[in-house]
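Before any comments, here is the structure.
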Amino acid sequence: MGVEFGILGEVSAWADGRPINLGPARQRCVLAALLVDANHPVSLDQLTDRVWGDTPPQRAAGTLHSYLSRLRSILSPSALSPSALSPSALSPSALSPSALTPSALTPSALTPSGGIHRSAAGYLLRVREEAVDLHRFRALLARARASDDLEAARLYEVALGLWRGEPFAGLDTPWLAALRHTLQTEHLSARLDHHDVQLRLGRHAELLPELAVLADRHPLDERLVGQLILALYRNGRQAEALDRYERTRRRLADELGADPGPDLRRLHLRMLSAETTLAPRPVPVPRQLPPPPPSFAGRSRELAALDQIMAAPGDTVVISAIGGTGGVGKTWLALHWAHGNLPRFPDGQLYVNLRGFDPSDAPMPPETAVRGFLDALGVDAAAVPVGLEAQAALYRSLVAGKRMLIVLDNARDTDQVTPLLPGSPSCAVLVTSRRLLPGLITGHGARPIPLDAFDPEEARQAITGLLGEERTRAEPDAVADLLNRCGGLPLALGIVAARARMHPGFPLAVLAGQLREDSSRLDLLDAGEQTASLRAVFSWSYRALTPPAARLFRLMGSAFGTDLGGAAAASLAGLTGGEARVLLGELVRAHLVTENVSDRFTMHDLLRAYAAEQDLPARAFTTAPSEQRRAATCRLLDHYLHTAHAAALIINRSRQPLTLDEPEPGTSPENPADHDQAMEWFATEHPTLLAAVRHAADAGLGTRAWQIGWTLSDYLDRQGRWLDLFAAHSAALAVARRQADRFGEAQSHAGASRALIRLGRLDDARADLERAIALFTELGDRDGQTRAHLGLGFIHQKQDRPRAALEEFHQALTLHREAGNEAGAALFLNSIGYQLVLLGEYEEAIPYCQEALDLHAKLGYRHGQASAGDSLAYAYHHLGRFAEAGELYRRAVALFQEVGDRWHEADTTVHLGEMYDAAGDRAAALDTFRRALELLEQLNHPDADRLRARPAE
């Protein structure tokens with residue numbers, strides 16, 4: 001029997017959703033007194049005080065025993081039979097089941113030995129606490145405060161929905177009145193916490209009416225007024241926001257003789273200065289679907305099946321697995337259905353090509369796909385947790401309750417797909433694959449839709465739609481011949497039609513004859529899957545290209561990565577950017593290359609395989625010998641290496657440039673103009689750069705492998721992509737060892753150690769660094785030695801060996817000064833200064849920190865200025881020079897925000913909060929700690945636990 005209790009409103013109970021008659025008011029007071037302390041004894045004296053206060057009746061104990069006896073009887077199993085219950089007035093949970101946790105709906109809200117019991121300590125009501133709305137409310141609040149904003153917003157809404165009115169409505173004793181006031185305070189606090197979350201999510205417009213009403217009821221609640229002011233400001237009502245502040249200021253002065261607190265004053269100043277950070281954090285609605293197929297025909301049965309599957313209600317995610325051979329139109333079917341059903345998914349659409357059968361690259365790892373989804377959902381790169389399991393959990397939390405479509409295209413197997421499945425029944429998933437994916441069907445309830453080549457009638461409809469009724473009716477025999485050569489494969493039909501459209505004056509019979517002449521080449525392209533004349537179709541389109549476009553097509557077939565930018569394609573072919581754009585346009589028009597987004601070009605994997613094989617000597621029409629192919633690969637690697645090297649030096653000016661070989665003739669690297677352009681370029685190209693490291697290593701081009709890994713280090717580190725960073729340097733290290741490249745080996749050891757330190761693998765990091773130092777020393781590379789010593793210093797810091805860390809930093813500073821490297825010297829000056837601060841030697845630290853700050857300012861290096869400013873502020877702070885410390889801390893936080901270093905932003909914010917605390921401004925300290933905690937929780941950083949454990953007062 002499912003029993004629920006309510007005290008957040010009238011004191012009530014329900015069995016299976018139907019109300020229980022709990023008797024007179026005093027008897028309900030007794031039940032309330034027990035429910036508040038459910039599963040804990042309440043003494044007879046406490047019960048008497050809670051039910052009557054200071055005026056108990058003469059026979060209070062006897063009366064209590066009578067009430068308790070009746071309540072035992074009311075809550076007995078026989079009394080809770082359906083016939084004993086009223087058929088009306090269903091419980092709140094029955095009216096709103098989403099407001100209850102699943103555990104509250106199980107058939108035993110009372111424990112097996114539940115009910116009212118007597119012990120030496122008093123009376124207690126045994127009941128599962130989640131069956132009591134007050135305890136469920138508090139549990140939901142605790143979960144909300146430990147969750148990300150999207151999940152927290154949902155949990156707060158469920159918790160607040162449990163309130164049916166004034167607690168203990170209709171009952172009045174001194175104890176109940178005092179507790180009612182406490183609970184109403186908890187309720188208001190929860191509403192304000194919910195408001196904060198909604199404001200962070202950008203829901204200021206929908207929140208404004210509620211805030212206005214609530215602020216009128218509580219005009220002196222500064223937190224509430226601040227929320228209203230912020231919502232007004234974000235809704236473009238700045239004048240009203242400023243007026244509301246002024247009215248609140250006057251009222252506080254008139255009624256309390258006080259000024260607004262620091263939080264409200266700070267908000268007022270930020271509005272007056274139109275601070276950009278007041279703008280709401282955008283909550284992106286991802287729209288990742290590629291464009292719909294330009295011409296789509298047939299597939300009526302499959303589309304009807306998709307409609308039926310996606311419309312069926314269920315308790316699990318709706319999944320459809322579309323399977324079929326390459327080129328059969330799986331992706332086109334998925335995209336056509338998706339674009340035709342966009343209104344059903346207002347919260348967005350996610351798409352990823354999992355490259356399950358890409359001939360030139362490995363299938364996409366699930367963690368890469370999940371990471372792409374997190375980026376699309378607006379998760380700050382630095383806030384992404386480490387590890388696939390944690391990332392997948394965050395992804396599922398973000399899409400929970402949303403009406404979204406997830407398209408997982410070209411999957412290799414079930415293991416690749418499983419981490420990408422959402423957990424919310426509101427989402428739908430389309431999976432395409434050349435395989436059946438039985439694990440997805442049996443383990444996740446996927447509904448398979450097998451896809452085969454078009455039948456003759458569908459193929460005829462498709463080519464008619466592509467070429468027009470008039471042209472196909474005029475030459476039925478030629479059309480039949482073309483259809484026969486294409487084998488009903490949609491990809492082949494699309495290429496044939498593209499060729500015909502490019503030559504509208506050609507009779508179709510001529511085109512069919514040309515295709516027929518290539519019959520000697522109609523062998524199997526994908527053994528065991530496809531027997532249609534794909535190679536003939538491909539070769540026919542390929543041979544129709546101009547020679548320069550055909551050459552670019554061949555070269556793109558062996559290019560690493562999933563797509564190419566226009567500038568990279570130009571370097572691949574040794575062309576100017578303008579020449580490459582013309583040829584890429586020709587390939588796009590021939591349907592041999594796709595431009596999914598502006599200036600990013602990709603190829604179907606079957607076309608890629610076909611293009612790559614054109615370099616084989618057995619092909620009579622081959623024009624590019626293998627040495628030319630290798631030169632093209634080197635040009636592409638050099639394009640990425642030289643561009644990434646320039647970008648890496650922009651985002652970290654303290655690094656000494658590598659001595660790079662001149663790029664291959666015909667290479668045209670890009671030149672990012674500033675920090676923002678460099679970061680944007682890395683954001684777009686880092687997957688290809690990681691593929692470039694692997695490709696260079698596999699091709700025996702070890703120098704380029706470790707050099708590209710070197711260029712990636714700062715970007716991947718700041719973005720929290722430490723596993724990618726470690727993988728890149730590990731691949732480079734392996735090839736450097738094979739080729740006895742001592743310098744490459746040293747750099748790869750140093751790069752790998754950087755990732756290992758971040759991942760907490762300090763012993764492994766130390767081993768890498770010690771090997772790097774030995775190699776750099778052997779090679780006479782002082783810059784390498786100093787950077788390795790910096791890493792050792794950080795390890796000493798983390799392992800609480802401050803003097804050893806200081807020794808490493810001094811040794812590195814000496815090496816940098818001897819080399820005349822100002823940027824490096826500034827880095828180590830600050831490291832020494834901060835270590836002295838940690839040792840409590842504040843006066844000794846100041847000259848080091850100040851010199852570091854001055855050098856970084858001279859060099860215009862914002863990240864270095866932020867780090868040195870934080871260290872100097874820390875010294876001033878502990879010397880009691882709070883004004884100087886506060887100014888430096890706030891400037892450092894702003895700089896870390898500008899350069900995208902979230903961890904150091906959080907760390908400096910903690911320092912700022914500690915300074916406010918030391919200065920006696922407890923309110924500012926708590927507000928600052930809250931901001932720091934938000935950042936650390938987003939980063940999934942262990943420091944969050946230490947900050948959370950700080951005393952609240």
Side-chain angles (χ1 to χ4, degrees), residues 1-93 104 106-136 164 167-180:
M1 187 68 64
V3 183
E4 302 162 41
F5 297 93
I7 54 181
L8 302 178
E10 291 185 353
V11 176
S12 306
W14 302 268
D16 284 346
R18 297 185 178 277
I20 301 170
N21 185 348
L22 296 175
R26 293 291 185 193
Q27 188 165 293
R28 283 183 280 120
C29 279
V30 172
L31 179 61
L34 295 173
L35 286 170
V36 168
D37 287 307
N39 300 311
H40 296 281
V42 181
S43 70
L44 194 63
D45 288 343
Q46 286 177 307
L47 276 176
T48 302
D49 179 67
R50 292 178 181 186
V51 175
W52 288 287
D54 294 333
T55 58
Q58 290 184 350
R59 300 167 58 102
T63 305
L64 277 176
H65 291 151
S66 176
Y67 288 148
L68 290 164
S69 176
R70 291 176 196 165
L71 285 171
R72 281 199 193 97
S73 177
I74 289 169
L75 297 176
S76 68
S78 61
L80 297 178
S81 64
S83 61
L85 301 172
S86 167
S88 61
L90 294 178
S91 74
S93 64
T106 57
S108 56
L110 292 171
T111 63
S113 58
I116 298 173
H117 296 260
R118 184 175 182 178
S119 69
Y123 291 88
L124 78 158
L125 175 61
R126 286 188 181 143
V127 63
R128 283 210 324 278
E129 290 193 355
E130 61 267 26
V132 183
D133 57 4
L134 170 62
H135 303 305
R136 188 157 67 252
R164 296 168 288 116
F168 320 112
L171 303 179
D172 190 21
T173 72
W175 176 78
L176 286 174
L179 182 56
R180 182 182 294 121

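These figures come from a predicted structure and were not determined experimentally. Below, all heavy atoms of this structure are taken into account, side chains as well, without hydrogens, waters or symmetry copies.
When all heavy atoms of Val11 and Ala32 are compared, the pair lying nearest together is CG2-CB, 4.0 Å. Shown here for Gly6 and Trp14, the closest heavy-atom pair between the two residues is N-CZ3, 3.7 Å. Heavy atoms only, all atoms of each residue included: Leu179 and Phe168 are closest at CD2-CZ, 3.5 Å. Between Leu71 and Leu22, the shortest heavy-atom distance links the atoms CD2-O, 4.3 Å. Residue Pro56 comes nearest to Thr48 through the heavy atom pair CB-CG2, 3.7 Å, listed as atom of the first residue, atom of the second, then distance.
Using a 4.5 Å cut-off on side-chain heavy atoms (C-beta onward), Leu125 and Asn39 make no contact. Contact check for Asp133 versus Ile7: side-chain heavy atoms found under the 4.5 Å cut-off. Side chains of Ser12 and Arg164 form a contact here, defined as non-hydrogen atoms less than 4.5 Å apart. No side-chain heavy atom of Asp37 sits under 4.5 Å from any side-chain heavy atom of Leu124. At least one side-chain heavy atom of Leu34 sits less than 4.5 Å from a side-chain heavy atom of Leu47. Here the side chains of Arg26 and Trp52 are in contact, with some heavy-atom distance below 4.5 Å. Arg136 has its side chain out of reach of Glu129: every pair of non-hydrogen atoms, C-beta onward, lies at least 4.5 Å apart. The closest side-chain heavy-atom distance from Val30 to Tyr67 is below 4.5 Å.
With hydrogens and angles ignored, the 3.5 Å screen pairs a side-chain donor or acceptor of Thr63 with a backbone N or O of Arg59. A distance-only check finds a donor-acceptor pair linking the side chain of Arg180 to the backbone of Pro167 [under 3.5 Å].
Remark: Ser43 pairs with Gln46 by the side chain to side chain donor-acceptor pair (under 3.5 Å) rule, at least two apart or across chains. Partners of Ala38 according to the side-chain contact (heavy atoms from CB on, under 4.5 Å) rule, which considers only residues two or more places apart in sequence or in another chain, are Val127, His135. For Arg28, there are no salt bridge (Lys or Arg N to Asp or Glu O under 4.0 Å) partners two or more places apart in sequence or in a different chain. His40 pairs by the side chain to side chain donor-acceptor pair (under 3.5 Å) definition with nothing, not counting sequence neighbours. Taking the side chain to side chain donor-acceptor pair (under 3.5 Å) definition, one finds that Arg70 meets it with Ser66, sequence neighbours left out.
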Candidate pair Gln27 and Ile74, rule side chain to side chain contact (heavy atoms under 4.5 Å, CB included), full reasoning: CA-CA 11 Å; Gln27 188 165 293; Ile74 289 169; 3.4 Å; yes

CA sep, side-chain torsions, deciding dist, call: Glu130, Glu4, side chain to side chain contact (heavy atoms under 4.5 Å, CB included): CA-CA 9 Å; Glu130 61 267 26; Glu4 302 162 41; over 6 Å; no

Below 3.5 Å, can you tabulate the donor-acceptor pairs from side chains in residues 170-177 to any protein atom, sequence neighbours excluded?
from	atom 1	to	atom 2	distance (Å)
Thr173	OG1	Arg50	O	3.0
Thr173	OG1	Leu176	N	3.1

